[in-house]
Amino acid sequence: QVQLVESGGGLVQAGGSLRLSCAASGRTFSRYAMGWFRQAPGKKREFVAAITWNGAITYFADSVKGRFTISRDNAKNAVYLQMNSLKPEDTAVYYCAADAQSRLFRVRVDDEYDYWGQGTQVTVSS
């Protein structure tokens, strides 16, 4: 069992930056691929970024490529989402998720993930 807790959300002006953190419990964190998803009001949850268990490979949605980076620290059981050049359309609740099976061809699909955090709100004002 893995428990995930996100933090770092908040209100920021367009063009600003935020760094989201996801703290994980459990000894097997380092084996899991990790992902970030987001859900805006009235919209479906969408993939944002993912990272393999060892941090060697990262994946990004086209909408955030070049602006967001994902990283992890397995020694701290943590994964991070650095968000730069934020836009109003980035406003959403951001969720951290853990993928026990780590089928990399499905990292962009939310039902691939086994554990989810409660989410953290990110609001970008224009």
Side-chain angles (χ1 to χ4, degrees):
Q1 190 77 5
V2 174
Q3 292 186 323
L4 304 171
V5 179
E6 302 95 335
S7 61
L11 174 64
V12 65
Q13 288 189 330
S17 298
L18 281 175
R19 188 193 193 209
L20 304 185
S21 298
C22 174
S25 66
R27 302 178 189 175
T28 54
F29 169 80
S30 62
R31 302 178 191 173
Y32 296 165
M34 297 295 295
W36 286 94
F37 287 76
R38 67 186 181 186
Q39 187 167 22
K43 295 189 176 181
K44 293 177 62 176
R45 186 164 57 189
E46 66 174 0
F47 170 77
V48 176
I51 188 167
T52 53
W53 68 273
N54 60 356
I57 305 173
T58 57
Y59 306 82
F60 296 95
D62 288 343
S63 59
V64 307
K65 202 171 294 183
R67 300 188 297 122
F68 291 11
T69 58
I70 185 171
S71 61
R72 67 189 296 162
D73 186 338
N74 287 343
K76 295 182 178 179
N77 274 17
V79 64
Y80 307 100
L81 186 68
Q82 177 67 44
M83 304 186 295
N84 299 328
S85 302
L86 282 161
K87 304 175 181 179
E89 50 264 42
D90 294 319
T91 295
V93 177
Y94 282 72
Y95 298 92
C96 170
D99 176 9
Q101 299 177 84
S102 293
R103 293 178 297 187
L104 300 183
F105 65 96
R106 298 195 79 242
V107 291
R108 300 172 186 271
V109 182
D110 60 359
D111 66 8
E112 168 68 9
Y113 292 80
D114 304 282
Y115 305 102
W116 291 83
Q118 83 290 347
T120 185
Q121 177 70 47
V122 171
T123 302
V124 184
S125 63
S126 56

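Residue numbers start at 1 and run along the sequence shown. Nothing here was measured: the structure is a model prediction, and the numbers come from that model.
To the nearest 0.5 Å, atoms CG (Asn74) and CZ (Arg31) are separated by 11.5 Å. Taking CZ from Arg108 and CZ from Phe60, the interatomic distance works out to 9.5 Å, rounded to the nearest 0.5 Å. Atom OG in Ser30 sits 7.5 Å away from atom CG in Asn77 (nearest 0.5 Å). In this structure, Ser126 OG and Lys87 NZ are separated by 14.0 Å, a value rounded to the nearest 0.5 Å. Atom CZ in Phe68 sits 14.0 Å away from atom OG1 in Thr58 (nearest 0.5 Å). To the nearest 0.5 Å, atoms CD1 (Ile70) and CD (Gln82) are separated by 12.0 Å.
Side-chain rings of Phe37 and Tyr113 approach one another, their centers coming within less than 6.0 Å.
Between Arg72 and Phe29 the shortest heavy-atom distance is NH2-O, 3.0 Å. When all heavy atoms of Val107 and Ala50 are compared, the pair lying nearest together is CB-CB, 4.0 Å. When all heavy atoms of Val2 and Ala24 are compared, the pair lying nearest together is CG1-CB, 4.3 Å. Considering every non-hydrogen atom in both Tyr94 and Val48, the closest pair reads CE2-CG2, 4.2 Å. Closest approach of Ala14 to Pro88, counting heavy atoms only: CB-CD, 4.1 Å. Of all non-hydrogen atoms in Met34 and Val79, the two that sit nearest each other are CE-CG1, 3.9 Å.
Contact check for Arg38 versus Ser63: side-chain heavy atoms found under the 4.5 Å cut-off. Phe47 places none of its side-chain heavy atoms less than 4.5 Å from the side chain of Asp110. Annotation: side chain of Arg106 is in contact with side chain of Asp111 (closest heavy-atom distance under 4.5 Å). Contact check for Asp90 versus Arg67: side-chain heavy atoms found under the 4.5 Å cut-off. Met83 has its side chain out of reach of Trp36: every pair of non-hydrogen atoms, C-beta onward, lies at least 4.5 Å apart. Proximity of Thr91 to Gln121: side-chain heavy atoms (C-beta onward) are separated by under 4.5 Å at one or more points.
Ring orientation note: the planes of Trp116 and Tyr95 are nearly perpendicular, at an angle over 60° on the 30°/60° scale.
Applying the 6.0 Å contact sphere to NZ of Lys43 captures no more than 12 heavy atoms from other residues, nucleotides or ligands. By the neighbour-count criterion of 12 heavy atoms within 6.0 Å, atom CD of Gln101 is densely surrounded, having more than that number from other residues, nucleotides or ligands.
Glu6 places a side-chain N or O within 3.5 Å of a backbone atom of Cys96 that can act as its donor or acceptor partner. The backbone N or O of Ala33 sits less than 3.5 Å from a side-chain atom of Ser102, completing a donor-acceptor pair.
Applying the salt bridge (charged side-chain N to carboxylate O under 4.0 Å, His left out) criterion to Glu89, with sequence neighbours excluded, gives no partner residue.
Applying the salt bridge (charged side-chain N to carboxylate O under 4.0 Å, His left out) rule to pairs touching residues 94-103 yields Arg103-Glu112, sequence neighbours excluded.
Note that Arg19 lies in the cation-pi zone of Tyr80, set by a 6.0 Å cut-off to the ring centre and a 45° limit from the axis.
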